Amino acid sequence: MKLICIPYAGGSATGYYPWKKQMHPSIKVIPLELAGRGERMGQPFYRSIEGDGTDDLYRSVEKELDGSPVALFGHSMGTLFAYELAHRIVRETGQPPAHLFLSGRGAPHTGRSEPWIHELPDSEFQSEVLRLGGTPAELFEQKELSEIYMPILRSDYRLSETYRDLGKQGKLDCGITVMRGTQDSYGRAEAEEWSRYVSGGTRIVEFDGGHFFIHEFRQQVLSAIHESLLCTRSSQI
């Protein structure tokens with residue numbers, strides 16, 4: 001079983017590196033690096049998630065698509081990439097994902113009334129990013145770091161806020177596990193709406209934390225992944 005992991009806005013593939021040692025040995029963790037950060041610093045940012053962003057990630061993972069079962073995990077903005085990449089994999093290989101993990105974001109058609117923040121002045125934008133948690137204040141206090149990460153964050157929030165699922169892709173033929181922090185800004189109802197996007201079952205797992213519960217509750221998140229994937233694997237044997 002291969003688990004493709006996609007980072008959140010401002011995040012990098014390195015956030016998933018610890019998972020490689022903590023995941024069950026039968027699961028291969030494959031963190032994807034988005035353009036413009038980490039080892040790909042300096043590369044142009046994506047124009048859209050559903051366009052060149054998904055095209056790029058598919059090229060990154062294509063060599064891993066050898067017929068073995070593949071699952072995808074995405075947190076926050078990463079859920080949208082995971083959803084689009086899953087559809088792309090189906091179109092290119094005919095193989096649906098074994099499972100889809102969607103963490104830290106409601107379904108695409110929910111939350112559209114929320115104001116965009118990627119166009120706000122720097123100080124207001126920074127305040128909104130810090131309010132979500134997960135980003136240390138020192139990132140903006142140190143000029144050198146701020147000059148590096150502000151463009152990344154603005155680009156990622158633009159991608160997430162302007163994303164539109166055209167609704168023409170149909171349902172993915174797989175089950176999903178939707179993870180949510182109970183103190184996040186969206187509710188359980190928005191998380192449950194992900195069930196519209198798949199033909200398989202939907203499991204909701206909640207953690208007593210905010211938007212970045214995946215850091216505070218890492219072991220519990222990994223346990224939820226193990227449970228879903230190992231059950232999926234057993235049902236396929």
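Keep in mind that this is a model prediction, so the values were computed, not measured. Nothing fancy with the numbering, it's 1 onward along the sequence.
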Heavy-atom pair with the smallest gap, counting every atom of [X] and [Y]:
X    : Y    : result
F45  : D52  : O-OD2, 4.4 Å
L120 : W116 : CG-O, 4.3 Å
S60  : K63  : O-NZ, 3.1 Å
L72  : P97  : CD1-CB, 3.8 Å
Y17  : E39  : OH-OE2, 4.2 Å
V29  : C5   : CG1-SG, 3.9 Å

Nearest 0.5 Å please: distance from the [atom1] atom of [X] over to the [atom2] atom of [Y].
X    : Y    : atom1 : atom2 : result
S123 : F140 : OG    : CZ    : 11.0 Å
I4   : Y16  : CD1   : OH    : 12.0 Å
S68  : K2   : OG    : NZ    : 3.5 Å
L85  : I89  : CG    : CD1   : 4.0 Å
L32  : I6   : CG    : CD1   : 5.5 Å
S146 : L153 : OG    : CG    : 9.0 Å

Please check: side-chain N/O of [X] versus main-chain N/O of [Y], any donor-acceptor pairing under 3.5 Å?
X    : Y    : answer
T54  : G51  : no
Y163 : I49  : no
Q22  : Q219 : no
D156 : G10  : yes
E190 : G187 : yes
Q95  : D66  : no
E216 : G209 : no
T162 : R158 : yes
Y46  : A35  : yes
S76  : G78  : no

Do any pairs count as a salt bridge (charged side-chain N to carboxylate O under 4.0 Å, His left out) and have a residue in residues 86-97, sequence neighbours left out, and if so which ones?
D55-R88, R88-E92

Between Y186 and H211, is there a side-chain donor-acceptor contact under 3.5 Å, judged purely by atom types and distance?
no

For E141, does the CD atom sit with more than 12 other heavy atoms under 6.0 Å from it, leaving out its own atoms?
yes

Is the OH atom of Y149 crowded by more than 12 outside heavy atoms at less than 6.0 Å?
no

Applying side-chain contact (heavy atoms from CB on, under 4.5 Å) to T202 and E192, what does each step give before you reach the verdict?
CA-CA 8 Å; T202 299; E192 292 174 342; over 6 Å; no

For H87 and L172: C-alpha separation, side-chain torsions, deciding distance, then whether side-chain contact (heavy atoms from CB on, under 4.5 Å) applies.
CA-CA 7 Å; H87 273 292; L172 287 165; 3.6 Å; yes

Does any part of the side chain of [Y], heavy atoms only, come nearer than 4.5 Å to the side chain of [X], both counted from C-beta?
X    : Y    : result
P7   : T14  : no
M23  : L3   : yes
L34  : F81  : yes
M1   : S26  : no
F73  : T177 : no
S160 : L80  : yes
H109 : Y197 : yes
P31  : K20  : yes

Side chain to side chain contact (heavy atoms under 4.5 Å, CB included) with [X]: which residues, sequence neighbours excluded?
X    : answer
T79  : L102, R105, W194
Q183 : D208
P96  : V90, D173

Would you call the rings of H215 and F212 parallel, tilted or perpendicular, where under 30° means parallel and over 60° means perpendicular?
parallel

[X]: salt bridge (Lys or Arg N to Asp or Glu O under 4.0 Å) partners, not counting sequence neighbours:
X    : answer
K171 : none
D184 : none
R40  : D56
R180 : E206

I'd like to check the ring-ring contact (aromatic ring centres under 6.0 Å, His included) partners of Y157; sequence neighbours left out, ordered by chain and number.
F125

Listed partners of F101 passing ring-ring contact (aromatic ring centres under 6.0 Å, His included), at least two apart:
H99

Residue set satisfying side-chain hydrogen bond (donor to acceptor under 3.5 Å, both in side chains) with R154, at least two apart, ordered chain then number -> D122

Not counting sequence neighbours, which residues clear side-chain hydrogen bond (donor to acceptor under 3.5 Å, both in side chains) with E128? List them please.
R131

Salt bridge check, E62 against R59: does any charged N sit closer than 4.0 Å to a carboxylate O?
no

Under 4.0 Å between a Lys/Arg side-chain N and an Asp/Glu carboxylate O for R37 and E33?
no

Run the side-chain contact (heavy atoms from CB on, under 4.5 Å) check on T182 and F207 step by step: do they pass?
CA-CA 6 Å; T182 57; F207 301 88; over 6 Å; no

Candidate pair I27 and H24, rule side-chain contact (heavy atoms from CB on, under 4.5 Å), full reasoning:
CA-CA 6 Å; I27 301 170; H24 190 277; 4.1 Å; yes

